[in-house]
Amino acid sequence: QVQLVESGGGLVQAGGSLRLSCTATGRTFSSYAMGWFRQAPGKEREFVAALTGSGIITDYTDSVKGRFSISRDNAKNTVYLQMNSLKPEDTAVYHCAAGRTIEVVTTNPMAWGQGTQVTVSS
């Protein structure tokens, strides 16, 4: 079972940028599709972005397209979420997730990280 640990969250002003990282244990990281989800206070967890094991195919929720970018470094067992032009409504706990395919990771991930807090001030 893959284990995931996020880092890189923090407090940033609106319009600023942050880069989140998620490092996975295990030797088969490149075989997993990876994704990012977020959960704001009082709201359900929502999908943010995902990519295939090769990193070639990506998917984003509409609200972050053009502002966020997901990428991975399989040699480092790490997936990233570069977040630019941040808005107060991006404030949430961000979780990374893993799945066998991009379809699985976006709908029913097999593993979750504990999350990292992102707070965007206006």
Trainee: Measure across S69 and Y60 and return the closest heavy-atom pair with its distance rounded to 0.1 Å.
Mentor: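 In terms of heavy atoms, the two residues are closest at CA-OH, 3.3 Å.
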Trainee: Rounded at 0.5 Å granularity, tell me how far OG1 in T101 sits from CD1 in I57.
Mentor: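 Answer for the OG1-CD1 pair, T101 versus I57, is 10.5 Å.
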Trainee: F47 versus T107: any side-chain heavy-atom pair under 4.5 Å?
Mentor: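 A side-chain contact under 4.5 Å is absent here.
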Trainee: Are V64 and L51 co-members of a hydrophobic cluster defined by side-chain heavy atoms under 4.5 Å apart?
Mentor: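 Yes, L51 connects to V64 through the hydrophobic network.
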Trainee: Starting from W112, can I reach Y80 by hopping between I/L/V/M/F/W/Y residues whose side chains sit under 4.5 Å apart?
Mentor: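 No; tracing contacts between hydrophobic side chains, which count when under 4.5 Å, never links both residues.
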Trainee: Please name the pair of heavy atoms, one in D73 and one in F29, separated by the smallest distance, quoted to 0.1 Å.
Mentor: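 Residues D73 and F29, closest heavy atoms: O-CE2, 4.2 Å.
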Trainee: What I want to check is whether the side chains of T119 and T91 have a donor and an acceptor closer together than 3.5 Å.
Mentor: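 No - no donor-acceptor pair under 3.5 Å links their side chains.
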Trainee: Could you check whether any side-chain heavy atom of M83 comes within less than 4.5 Å of a side-chain heavy atom of L20, counting everything from C-beta outward?
Mentor: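 Yes; the side chains approach each other to less than 4.5 Å.
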Trainee: Is there a side-chain contact between K43 and R38 (heavy atoms, below 4.5 Å)?
Mentor: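 Sidechains of R38 and K43: no contact.
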Trainee: Nearest heavy-atom pair of C22 and L4: which atoms, and what distance?
Mentor: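 Where C22 meets L4 most closely, the heavy atoms are SG-CB, 3.8 Å.
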Trainee: Rounded at 0.5 Å granularity, tell me how far OG in S121 sits from CD in Q13.
Mentor: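 It is 5.0 Å, given to the nearest 0.5 Å.
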Trainee: Does E6 reach the main-chain N or O of G115 with its side chain, forming a donor-acceptor pair under 3.5 Å?
Mentor: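 It does hold such a pair.
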Trainee: Measuring from atom CD of E103 to atom CG of D59, what distance do you get when rounded to the nearest 0.5 angstrom?
Mentor: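 Rounded to the nearest 0.5 Å, the CD-CG separation comes to 9.0 Å.
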Trainee: Look up atom CG in L18 and atom CG in L81, then write down how far apart they are to the nearest 0.5 Å.
Mentor: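 Separation between the atoms: 9.5 Å.
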Trainee: Judged by atom type as modelled, is there a donor-acceptor pair below 3.5 Å linking the side chain of Y32 to the main-chain atoms of V105?
Mentor: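 Answer holds: no.
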Trainee: Hey, what do you get for CG (N77) to CZ (R72), rounding to the nearest 0.5 Å?
Mentor: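 CZ of R72 is found 9.0 Å from CG of N77.
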Trainee: Let me check something: do M110 and V79 share a hydrophobic cluster, defined by ILVMFWY side-chain heavy atoms less than 4.5 Å apart, either directly or through other members?
Mentor: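 They do share one cluster, since a chain of ILVMFWY contacts under 4.5 Å joins M110 to V79.
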Trainee: Between S17 and N84, does any side-chain donor sit less than 3.5 Å from a side-chain acceptor?
Mentor: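 Yes, N84 and S17 have a side-chain donor paired with an acceptor closer than 3.5 Å.
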Trainee: Which pair of non-hydrogen atoms, one from A14 and one from S122, has the smallest distance, and what is that distance?
Mentor: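 In this case the closest contact between A14 and S122 is CB-CA, 4.4 Å.
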Trainee: Any idea which heavy atoms bring T106 and A50 closest together, and the distance?
Mentor: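 That closest heavy-atom pairing would be CG2-CB, 3.7 Å.
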Trainee: Indicate yes or no: does K87 engage D90 in a salt bridge with an N to O separation below 4.0 Å.
Mentor: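 No salt bridge links K87 with D90.
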Trainee: Return the CE to CD1 distance between M34 and I102, rounded to the nearest 0.5 Å.
Mentor: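 Between atom CE of M34 and atom CD1 of I102 there are 12.0 Å.
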Trainee: Would a distance-only check, ignoring hydrogens and angles, find a side-chain to backbone donor-acceptor pair under 3.5 Å from N74 to G53?
Mentor: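 Between the backbone of G53 and the side chain of N74 there is a qualifying donor-acceptor contact (under 3.5 Å).
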Trainee: Between R67 and S85 (side chain of the first, backbone of the second, donor and acceptor by atom type, cut-off under 3.5 Å), is there such a pair?
Mentor: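 Pair found, side chain donor or acceptor close to backbone of S85.
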Trainee: Relative to F37, does R45 satisfy both conditions: NZ or CZ under 6.0 angstrom from the six-membered ring centre, and within 45 degrees of the ring's axis?
Mentor: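 No, R45 does not lie over the aromatic ring of F37.
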Trainee: Can any side-chain N or O of T25 pair as donor or acceptor with the backbone N or O of Q3 at less than 3.5 Å?
Mentor: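 Such a contact is found between T25 side chain and Q3 backbone.
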Trainee: Please tell me if the side chains of L86 and F68 come closer than 4.5 Å, counting only heavy atoms from C-beta onward.
Mentor: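 Yes, close enough: below the 4.5 Å cut-off.
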Trainee: Testing the basics here: between T78 and S21, what is the closest heavy-atom pair and its distance to 0.1 Å?
Mentor: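 Heavy atoms of T78 and S21 come nearest at CG2-CB, 4.2 Å.
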Trainee: Under 4.5 Å between any side-chain heavy atoms of Q114 and V5, yes or no?
Mentor: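 They are not in contact (no side-chain heavy atoms under 4.5 Å apart), so the answer is no.
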